There are 2 protein chains.
Amino acid sequence: MTKQQQVILRLVQTSCAHCSADEIYRAAKSEMPGIGLATVYRNLNQLSEEGKIRKIETVGETDRFDKTLNQHEHAVCRMCGSMRDINVENIAEEIKKGLEGMEFTYELSVHELCKECRAKIEKQQAEIGA
Amino acid sequence: MTKQQQVILRLVQTSCAHCSADEIYRAAKSEMPGIGLATVYRNLNQLSEEGKIRKIETVGETDRFDKTLNQHEHAVCRMCGSMRDINVENIAEEIKKGLEGMEFTYELSVHELCKECRAKIEKQQAEIGA
DNA sequence: AGAAAAATGAGAATTATTCTCAAAAAATTT
DNA sequence: AAATTTTTTGAGAATAATTCTCATTTTTCT
């Protein structure tokens, strides 16, 4: 673990919640002036792949990073961009409310493997096994 | 309604489902060679604001456009990018399934007005009224 | 038809993020 | 500890989707 990685991890864990890469970059820069933006991005992605931090991707917003690992969702303010945590269990309820009162809007992005691609992968694996 | 707008609307309604702006652009170009990309984007956004078509925004994917107006969600294949419709009523259920079996991943993007901004707006409206 | 308003198209601008690659740092081997 | 290999860094270029600008064209209104 390099010094840069340590600084970045600590910043995500201790400084502002729901930070953007750029916010982390500026914070990191103030204690390590030579650090590069690419390094910040590289490590943020790496740390989130390792499960040490969580990357929050939202439609229309820049990615943010969070220390909280357990499953929860986020709501972004249309005006000021502030982000707050919302509870997974309430989603269905909140969605229903939202659809009625238009108190909020949401976009659900689901990523899967479609039937065709699943079949393709299974075929490939069978070939390797043969 | 300009000719361009008519062509664009018709293409969304009749050609490929879940088209990207670029796909619409190329299709439009083949029957109206002079059309510009900016015009396609402009009209797609306008049409979706008018509620005549629907813009599908997804984390990590380029925007797509859909003729289907009623509320439903979409699932994108991680490998080939193909998109299929999924039913709104099953969201909570599907999310739960997803969390258990990791058959798919999802990102929920909620957009709202935070308390502070709501208060700000109400204050402004009160001032105008006074 | 003529004037005013709106829409178009070409290309520049924007923005967040990733990529490239030479130099620096870290890890490993002797 | 020196030498060698591997990994990581940092600067800036590249990318890619979308929006913006603005002169020109088209449409609308009278």
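Chain letters run A, B, ... following the sequence lines, proteins first and then strands; every chain starts at 1. What's counted below: heavy atoms across the whole structure, side chains too, no hydrogens, waters or symmetry copies. What you are looking at is a predicted structure, and each value in this text was computed from that prediction instead of being measured.
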**Asked** Transitively linked via ILVMFWY side-chain contacts under 4.5 Å: A:Tyr41 with A:Met32?
**Response**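 Linked within one cluster.
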**Asked** SG of A:Cys117 to SG of A:Cys114, below 2.5 Å?
**Response**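 Answer is no, sulfur atoms not closer than 2.5 Å.
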**Asked** For the Cys pair B:Cys77 and B:Cys80, is the SG-SG distance shorter than 2.5 Å?
**Response**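 No, no disulfide: SG-SG not under 2.5 Å.
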**Request:** Look at B:Gln4 and C:dG9 and indicate whether a side-chain polar atom (N or O) is within less than 4.0 Å of OP1 or OP2.
**Result:**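 Yes, such a contact exists.
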**Prompt:** Quick one: side chain to side chain contact (heavy atoms under 4.5 Å, CB included) partners of B:Thr2, sequence neighbours excluded?
**Reply:**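 In terms of side chain to side chain contact (heavy atoms under 4.5 Å, CB included), with neighbours along the sequence ignored, B:Thr2 is linked to B:Gln4, B:Gln5.
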**Prompt:** By side chain to side chain contact (heavy atoms under 4.5 Å, CB included), which residues pair with A:Leu47, not counting sequence neighbours?
**Reply:**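 Listed in chain order: A:Met1, A:Ile8, A:Leu9, A:Glu50, A:Lys52, A:Ile53.
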**Any pair counted as side-chain hydrogen bond (donor to acceptor under 3.5 Å, both in side chains), so long as it reaches residues 113-123 of chain B, sequence neighbours left out** =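 Checked against side-chain hydrogen bond (donor to acceptor under 3.5 Å, both in side chains) - neighbours excluded - no pair reaches residues 113-123 of chain B.
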**Asked** Do B:Leu113 and B:Ile121 come close enough that some side-chain heavy atom pair is under 4.5 Å?
**Response**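 A side-chain contact under 4.5 Å exists here.
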**Message:** My understanding is that only residues two or more places apart in sequence, or in another chain, count here; which of them pass side chain to side chain donor-acceptor pair (under 3.5 Å) with A:Arg54?
**Reply:**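 Side chain to side chain donor-acceptor pair (under 3.5 Å) check on A:Arg54 returns A:Gln71.
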**Message:** Just to be sure I follow the notation: if a pair is Watson-Crick (purine N1 to pyrimidine N3 plus N6-O4 or O6-N4) or a G-U wobble (N1-O2 and O6-N3), each under 3.5 Å, what dot-bracket string does DNA chain D give, with | for pairs to another strand?
**Reply:** ||||||||||||||||||||||||||||||
Can you tell me the distance, in whole Å, between the [atom1] atom of [X] and the [atom2] atom of [N]?
X	N	atom1	atom2	result
A:Glu23	C:dA16	CD	C1'	14 Å
A:Ile24	C:dA16	CD1	P	15 Å
A:Met32	D:dA11	CE	P	12 Å
A:Met1	D:dT9	CE	P	10 Å
B:Leu44	C:dT8	CG	C1'	15 Å
A:Gln6	D:dT7	CD	C1'	15 Å

**Request:** Scan nucleotides 16-26 of chain D nucleotide by nucleotide, 5' to 3', and note B when protein non-hydrogen atoms come under 4.0 Å of the base, S if they reach only the sugar-phosphate, - if neither.
**Result:** -SBBB------
